[in-house]
Amino acid sequence: MIQDRLANLLREACLALLSDREHGDALPGDIQIETPSNPAHGDFACNVAMQLAGQIEANPRQIAQQLIDHLPADAVVERVEVAGPGFINFYLSPGWLHDGLAECLEQGENYGCSDFGAVQKVQVEFVSANPVGPIHIGNARGGPFGDTLANLLAAIGYEVEREYYLNDAPTNTQLQIFGGSVQTRYLQLLGEEVGFPEEGYHGDYVVELAQELVDEYGEKYRDVPRDTEGALLFFDLVEDKMIEQLHRDCAAMGISFDVWFSETKLHEAGLVQAQIDQLLASGAAYAKEDAVWLRTGQYGDEEDRVLVRSDGAPTYIASDVAYAADKFYTRGFDRVIYIWGPDHFGYVPRMKAALAAMGIGIERAEFIIYQTVRFLEGDEPLSLSKRRGDIVTIRELIEDIGRDAVRFFFLMRSVDAHLDFDLDLARQQSAENPVYYVQYAHTRLCSILREAESADYLGKVDGDLSLLIHPDELALLRKLADYPAEVLRAAQELAPHRLPHFARELAQAVHQFYTNCRVLDRDNPAMSRARLKLVAGSHIVLANILGLMGITAPEKM
RNA sequence: GCGCCUGUAGCUCAGUGGAUUAGAGCACCGGACUUCGGAUCCGGGUGUCGGGGGUUCGAAUCCCUCCAGGCGCGCCA
């Protein structure tokens, strides 16, 4: 990357300058090369002189000038200036852009990838919705986010695993409530006068499930007691359907998990009990009032948390402790990223505390809480609750506006921002959608490449990139050259939402180039060949970035 | 009450120490094509960056405080 090249030049200049001044220890660890927002300020800029000024007590402009004096020569650096309060601005010859295109063409689908994360194993766990209903607008947000984040981390060299944690254990109270809801609907369909519990799952799909049970089994389960065991029996009857549905919903979003991890398996293998015993033995857990508590209060949580209820049933924390042991110890992930919905917010401190109590460095775990999605109908916000039944499923949304638009919409916003989802607006905007703008740029390039195959006047001569000097060509070249740094940054900051923005800017540069620079021209084959190379490079980068987002790159629309 | 997220153009949002012009999309108004796809391009912005205070060469960005909206605070997940 050109940024690394410039940073290395500056690092050498810093070392030379600092040894002159006997300040060898003042070298900044990370030299930031940034792109000035104002093009008049050069192709790249660096603020290292101002950082140094604080440490060695000298005028930043003077330091900047001295750094420039010590800067090793480099072919692409045309001139370097001190500007403003002490910026070092680099003005490069257009050759660096042509080099960037050559690199892009050579690397193809790998362009944008790097080895930053070399051989580290990272797991991204996301969605992980309880198997009690379809994935819907409220809990789907982590899907495209996690999937794209995983793509990004893989692109910068991590060994990535995508995981779905299936809370399928009978100790999960939600399953009991859900099973009870199915049971109640079943009995109602059989004509029994039974009231539906307020805290139950009110969605129509529960009635449909119950109807399927009636169709399949008739009255066979009429006399099952309406207690916890009965509820779990009913959950067992529908469990496979629920899990299949989750698989279908994820597939519909274009997400393929490497591992569907079953909570029940943790229990069956005795791992939950083993972790509880170990925590008791190490003193991280203790017994009080018939329950077992984890000393999370000593590790930053507000208070200690219950691991085992007084009735002997383990809580979800117990499962999660065992699950974490499996992730960090058994499977040996260097980093684990948990992506959770806003309802799990209060759970982060206790999970961190639990990891600390287990002796797992908390820097190895990252918790990303995405913010609420509100579904708006007109001006009325509806709260999304599976239990209340007023849900819009992810598959309804996908059928409505398409998978590509769904992924793009969810990805566009930072996960820290609340997201208002107005279905009418989404439907209406799908024709004026930024995703089509990006995809259309891709199809236009495909169209040129198709056309070029039958253009006999092009011959076999290689395109001369130095012919590319039109402002719209240079602007497009610049976006192509910026791409690898953008991927790296989006991955390091765990910020997939940067991608749709970059993709739109790239598409804009493509459309401008397309409008103002005729590519295929029988009267100018040399220029045609050069521009075709730019078309090929742009085509590669658009396809790559759409690929990272899990959005199709169509050849025709 | 405590904690977290958010507050930037009419609307939806980027920008989270950097450059005396704070950006984009949508919407609205006007314009562009005998050649590669018009789902395109070009032009049109008087914004208390929620208010106030502070930190410094420099703040939408960091700190404090207040206001508004959202979410969370269970031996549920």
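Within every chain, numbering begins at 1; the chains are lettered A, B, ... in the order of the sequence lines, protein sequences first and strands thereafter.
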Among the nucleotides B:rC75, B:rC73, B:rC41, whichever has the atom closest to the side chain of A:T515 is B:rC41
Phosphate OP1/OP2 of B:rC36 contacted by A:Y457 side-chain N/O (<4.0 Å):
no
Closest contact, heavy atoms only, A:L548 versus A:T148:
O-CG2, 3.4 Å
So if I take every side-chain heavy atom of A:Q371 and compare against B:rC4, B:rC5, B:rC36, which nucleotide ends up nearest?
B:rC5
Side-chain contact check for A:P85: nearest option of B:rC57, B:rU40, B:rC75 is B:rC57
A:M50 side chain: which of B:rA39, B:rG18, B:rU6 is closest?
B:rG18
Closest listed nucleotide, where the reference is the side chain of A:Y514 and the choices are B:rA39, B:rA14, B:rC36
B:rC36
Is A:N172 touching bases, backbone alone, or none of the nucleic acid, heavy atoms closer than 4.0 Å?
sugar-phosphate
Quick one: on RNA chain B, does A:S414 or A:I448 contact a more 5' nucleotide (nearest heavy atom)?
A:S414
Students often get this wrong, so: under 4.0 angstrom with heavy atoms, is A:R504 touching a base, only sugar-phosphate, or nothing?
sugar-phosphate
Quote, to the nearest angstrom, the P distance that separates B:rG54 from B:rA22.
23 Å
Which residues within residues 336-344 of chain A lie with some heavy atom under 4.0 Å of an atom in RNA chain B?
A:P342, A:D343, A:H344
Just verifying a value: how many Å separate A:M351 CE and A:Y323 OH, rounded to the nearest 0.5 Å?
9.5 Å
Using the C1' atom as the point on both nucleotides, what is the distance between B:rG50 and B:rU6, in whole Å?
11 Å
How about A:S454 and A:E451: does a side-chain donor come under 3.5 Å of a side-chain acceptor?
no
Please pick, from B:rC75, B:rA19, B:rU35, the nucleotide with the shortest atom-to-atom distance to any side-chain atom of A:H41.
B:rA19
Ring pair (Phe, Tyr, Trp, His ring centres under 6.0 Å) between A:F145 and A:H497: does it pass, once the steps are laid out?
CA-CA 8 Å; A:F145 175 85; A:H497 73 276; 8.6 Å; no
Just checking A:Y91 against A:F44, ring centres under 6.0 Å apart?
no
Base, sugar-phosphate or nothing for A:R444? Non-hydrogen atoms, less than 4.0 Å.
sugar-phosphate
Touch check for A:T372, heavy atoms < 4.0 angstrom, all strands: base, sugar-phosphate only, or nothing?
sugar-phosphate
For A:H511, report the nucleic acid contact type (base, sugar-phosphate, nothing); a contact means any heavy atom under 4.0 Å.
sugar-phosphate
Check every atom of B:rA39, B:rC13, B:rU6 against the side chain of A:D416 and return the nucleotide holding the closest atom.
B:rU6
Would you say A:R498 places a side-chain N or O within less than 4.0 Å of OP1 or OP2 belonging to B:rA24?
no
What's the spacing between A:S181 OG and A:Q174 CD if we round to 0.5 Å?
9.5 Å
Base, sugar-phosphate, or nothing: which does A:D320 touch, judged by heavy atoms less than 4.0 Å apart?
nothing
Measure from NZ on A:K352 to C1' on B:rG3 and round the result to the nearest Å.
13 Å
Please tell me which of the listed nucleotides, B:rU6, B:rU16, B:rU40, lies nearest to the side chain of A:Y437?
B:rU40
Every protein N/O lying under 3.5 Å from an N/O of nucleotides 42-44 of chain B:
from, atom 1, to, atom 2, distance (Å)
B:rC42, OP1, A:Q512, NE2, 2.5

pi-stack flag for A:F87 and B:rA19, centroid dist under 5.5 Å, interplanar under 30°:
yes
Between A:H41 and A:F87, is the gap from one ring center to the other below 6.0 Å?
no
Would the base of B:rA19 count as contacting A:N47 through its side chain, where contact means a donor and an acceptor less than 3.5 Å apart?
no
Atom CG of A:L458 and atom C1' of B:rC36: how far apart are they, to the nearest Å?
12 Å
A:E263 and A:K265 ion-paired at < 4.0 Å
no
Want to settle it: does A:D304 or A:R518 sit nearer the 5' end of RNA chain B, counting the closest nucleotide to each?
A:R518
Reading RNA chain B 5' to 3', how would its secondary structure be written in dot-bracket notation, given Watson-Crick and G-U pairs with both distances under 3.5 Å, brackets [ ] for crossing pairs and | for partners on other strands?
(((((((..((((....[....)))).(((((.......))))).....(((((..]....))))))))))))....
What nucleotide among B:rC76, B:rU6, B:rC36 has an atom nearest to a side-chain atom of A:R309?
B:rC76
Name the nucleic acid region contacted by A:A83, choosing base, sugar-phosphate or nothing; use a 4.0 angstrom heavy-atom cut-off, strictly under.
base
Any chance you could measure A:R226, atom CZ, to A:F234, atom CZ, to the nearest 0.5 Å?
10.0 Å
Passes ring pair (Phe, Tyr, Trp, His ring centres under 6.0 Å), A:H470 versus A:F513? Steps please.
CA-CA 9 Å; A:H470 186 282; A:F513 162 75; 8.2 Å; no
Do the side-chain N and O atoms of A:D472 and A:N516 include a donor-acceptor pair separated by under 3.5 angstrom?
yes
What is the nucleic acid contact for A:A313, judged by heavy atoms within less than 4.0 Å: base, sugar-phosphate only, or nothing?
nothing
Pair A:D304, A:R350 - check salt bridge (charged side-chain N to carboxylate O under 4.0 Å, His left out), show working.
CA-CA 8 Å; A:D304 292 348; A:R350 76 192 63 166; over 6 Å; no
Contact class for A:C46 vs. all strands (heavy atom < 4.0 Å): base, sugar-phosphate, or nothing?
nothing
Whole angstrom is fine here: how far is it from CZ in A:R305 over to P in B:rG72?
16 Å
As a test of understanding, state which of A:Y347, A:Y370, A:F367 forms a ring-ring contact (aromatic ring centres under 6.0 Å, His included) with A:Y338.
A:F367
Sugar-phosphate, base or nothing in reach of A:Q176, heavy atoms under 4.0 Å
nothing
Between B:rC36, B:rC75, B:rU6, which nucleotide gets closest to the side-chain atoms of A:S310?
B:rC75
